[in-house]
Number of protein chains: 2
Amino acid sequence: MPLANEKTTAGRDDGSLRVLNGEAADRLAAISRVLTVPAGRPVMMEGAPATELYSVSQGIVSVFKLMPDGRRQITGFLYPGSFLGVTFNAETTYAYSADAVTAVTLRAYPRRDFERLLDEVPGVRRAFIAAMADELTEAQDRMLLLAHRSASERLACFLLTLAGRQAGKGGEPVDTVYIPMRGSDIADYLGLTAETVSRTLAVFRRKGIVHAERGGSIGILDRGALEALAGPLSRHI
Amino acid sequence: MPLANEKTTAGRDDGSLRVLNGEAADRLAAISRVLTVPAGRPVMMEGAPATELYSVSQGIVSVFKLMPDGRRQITGFLYPGSFLGVTFNAETTYAYSADAVTAVTLRAYPRRDFERLLDEVPGVRRAFIAAMADELTEAQDRMLLLAHRSASERLACFLLTLAGRQAGKGGEPVDTVYIPMRGSDIADYLGLTAETVSRTLAVFRRKGIVHAERGGSIGILDRGALEALAGPLSRHI
DNA sequence: CGCCTGGTTGATTTCATTCAAAAACGGTGG
DNA sequence: CCACCGTTTTTGAATGAAATCAACCAGGCG
């Protein structure tokens with residue numbers, strides 16, 4: 001599973017779309033261009049002409065908005081399967097910026113061609129609408145988080161969410177979560193400061209709930225406590 | 001423009017969809033059922049089977065999530081043209097609840113029929129995807145607001161947004177904003193408490209920026225000041 | 001008239017931010 | 001291999017903004 005450029009014939013399991021039948025995958029692959037972005041580099045910029053849209057194949061992308069005063073809100077960390085740069089309506093520019101958190105492989109689809117596929121291929125359409133509905137649901141969950149939750153609730157929720165995302169493959173929950181993003185990224189994602197994130201994580205460590213591992217991973221020692229801290233959230237994003 | 005039940009032959013200007021050609025409107029109308037909900041009553045409940053989805057024709061709907069501990073986050077106030085109860089994916093239940101803020105007229109579409117129209121009628125599909133993209137963009141803007149902004153920034157932004165929405169029809173900005181929602185609704189929307197909303201509004205009044213009018217309207221006396229308070233936000237939602 | 005809901009105002013507390021500085025980390029080049 | 005640098009993380013103390021707790025006021029309605 002190399003990180004370098006792949007062939008355009010990639011099938012359903014390359015993560016370019018969550019659920020995708022053969023035809024849809026082929027048609028998408030046919031109009032797509034594969035590109036890679038090194039960790040930390042920009043993927044797209046708010047305000048740039050939206051000539052194409054992307055899906056994440058490998059790696060993690062952060063999507064964010066900048067305020068003129070320099071503050072930044074990361075609106076999401078996108079994993080393989082997510083779409084990026086979707087701007088239908090009259091808009092012809094991207095509504096947000098995106099950076100590569102890790103080294104990233106993307107598929108780029110020319111906007112016109114993609115829209116044509118939406119019309120022609122039911123499988124593409126369904127997958128795309130489902131992906132958007134997912135993102136919308138997730139956005140609403142995160143509004144709840146940002147509006148009404150304490151720092152430890154936010155961080156506990158974040159860790160459990162990441163753990164859940166990584167568990168996806170196998171099924172059983174993982175006890176070690178790989179966290180490639182920096183503290184300030186997490187802070188901007190959760191609406192906190194880097195200091196508060198650090199402090200809160202320190203508290204978790206002191207309580208024996210988590211354990212900092214080598215290389216940006218942290219081990220979950222007491223999932224129950226973490227879930228209790230995450231608080232009364234019906235569903236973990 | 002009566003608020004009571006309308007005929008199913010309603011055309012393109014009834015607000016059931018933003019931009020819609022004749023065929024799409026007709027096909028949608030054909031599968032839809034019109035219903036009205038009095039102010040303050042529930043429209044749908046989180047967790048209920050998602051057998052149909054809705055579009056708002058007239059009035060305002062609040063969409064919200066409840067936490068087990070009673071806290072509530074209003075994720076949006078929906079105006080005519082917005083969709084409600086969209087749950088593709090495997091999910092068969094609604095992801096959120098909704099109440100009628102004012103008396104509301106809705107169109108209900110059986111989920112299966114609507115999905116079929118998405119496949120068959122390009123106009124419906126485009127309008128629907130555009131509406132979702134809009135909602136997503138709006139959700140991201142509101143994340144920014146909830147995460148990083150002070151109470152007065154939030155409230156100023158809220159007022160300007162409402163003013164902008166009501167200006168839509170004519171074009172020139174309005175100076176009187178109709179605010180049918182209660183203080184606690186605004187608070188739950190902005191991630192504040194009702195007390196803070198009241199206090200902040202009192203400050204605005206004291207400064208001569210706004211003026212409380214009769215019947216739940218407030219007059220904007222100094223739009224410039226309000227925009228300055230709303231702060232460095234590139235685009236008002 | 002009195003009740004009930006919703007809005008206002010005040011006093012206090014709490015929690016995250018801010019400002020500041022030290023410590024750890026990771027890469028680079030001698 | 002180690003010293004050096006810039007960056008990121010950690011920790012501390014002080015500040016500040018909104019939440020909380022609580023009381024009071026105004027209007028609508030039985």
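For the numbers below, each heavy atom of this structure counts, side chains included, while hydrogens, waters and symmetry mates do not.
- Rounding to whole angstrom units, CD of residue Glu213(A) and C1' of dT9(D) are separated by 18 Å.
- Contact annotation: Ser150(B) does not reach the phosphate of dA17(D) (side-chain N/O to OP1 or OP2, under 4.0 Å).
- Between Glu153(A) and Arg71(B), at least one side-chain nitrogen of the basic residue sits less than 4.0 Å from a carboxylate oxygen of the acidic one, meeting the salt-bridge criterion.
- Here the nucleotide nearest the side chain of Arg199(B), chosen from dT9(C), dA16(C), dT18(C), is dT9(C).
- Minimum atom distance to the side chain of Leu192(A) is reached by dT17(C), of the listed dA18(D), dT11(D), dT17(C).
- Atom CG in Leu201(B) sits about 14 Å away from atom P in dA18(D), given to the nearest Å.
- Mapped onto DNA chain D by nearest heavy atom, Gly191(B) and Val197(A) fall at different nucleotides, with Val197(A) at the one closer to the 5' end.
- For the pair Arg154(A) CZ and dT17(C) C1', the interatomic distance rounds to 12 Å; values are reported in whole Å.
- Rounded to whole Å, atom P of dA18(D) lies 12 Å from atom CG of Leu145(B).
- Note on Thr196(A): a side-chain N or O is less than 4.0 Å away from OP1 or OP2 of dT17(C).
- Here the C1' atom of nucleotide dG7(C) and the CE atom of Met181(B) are 17 Å apart, to the nearest Å.
- For the OP1/OP2 pair of dT9(D) and a distance below 4.0 Å, the side-chain nitrogens and oxygens of Ser198(A) include no atom meeting the criterion.
- Using a 4.0 Å cut-off between a side-chain N of Lys or Arg and a carboxylate O of Asp or Glu, Lys65(B) and Asp188(B) do not qualify as a salt bridge.
- Donor-acceptor pairing under 3.5 Å is lacking for the side chains of Tyr96(B) and Thr75(B).
- For the pair Glu195(A) CD and dT9(D) C1', the interatomic distance rounds to 10 Å; values are reported in whole Å.
- Between Arg205(A) and Glu213(A) there is no salt bridge, since none of the side-chain N atoms of the basic residue sits less than 4.0 Å from a carboxylate O of the acidic one.
- Across all strands, Ala194(A) comes closer than 4.0 Å to no nucleic acid atom at all (heavy-atom distances).
- Atom CZ of Arg205(A) is separated from atom C1' of dT11(D) by 11 Å (rounded to the nearest Å).
- Candidate nucleotides dT11(D), dA19(D), dT17(C) were compared by shortest atom distance to the side chain of Arg206(A), and dT11(D) ranks first.
- In this entry the distance linking NE2 of His148(A) with C1' of dA16(C) reads 17 Å, nearest Å.
- Using a 4.5 Å heavy-atom threshold, the side chains of Tyr94(A) and Glu46(A) count as separate.
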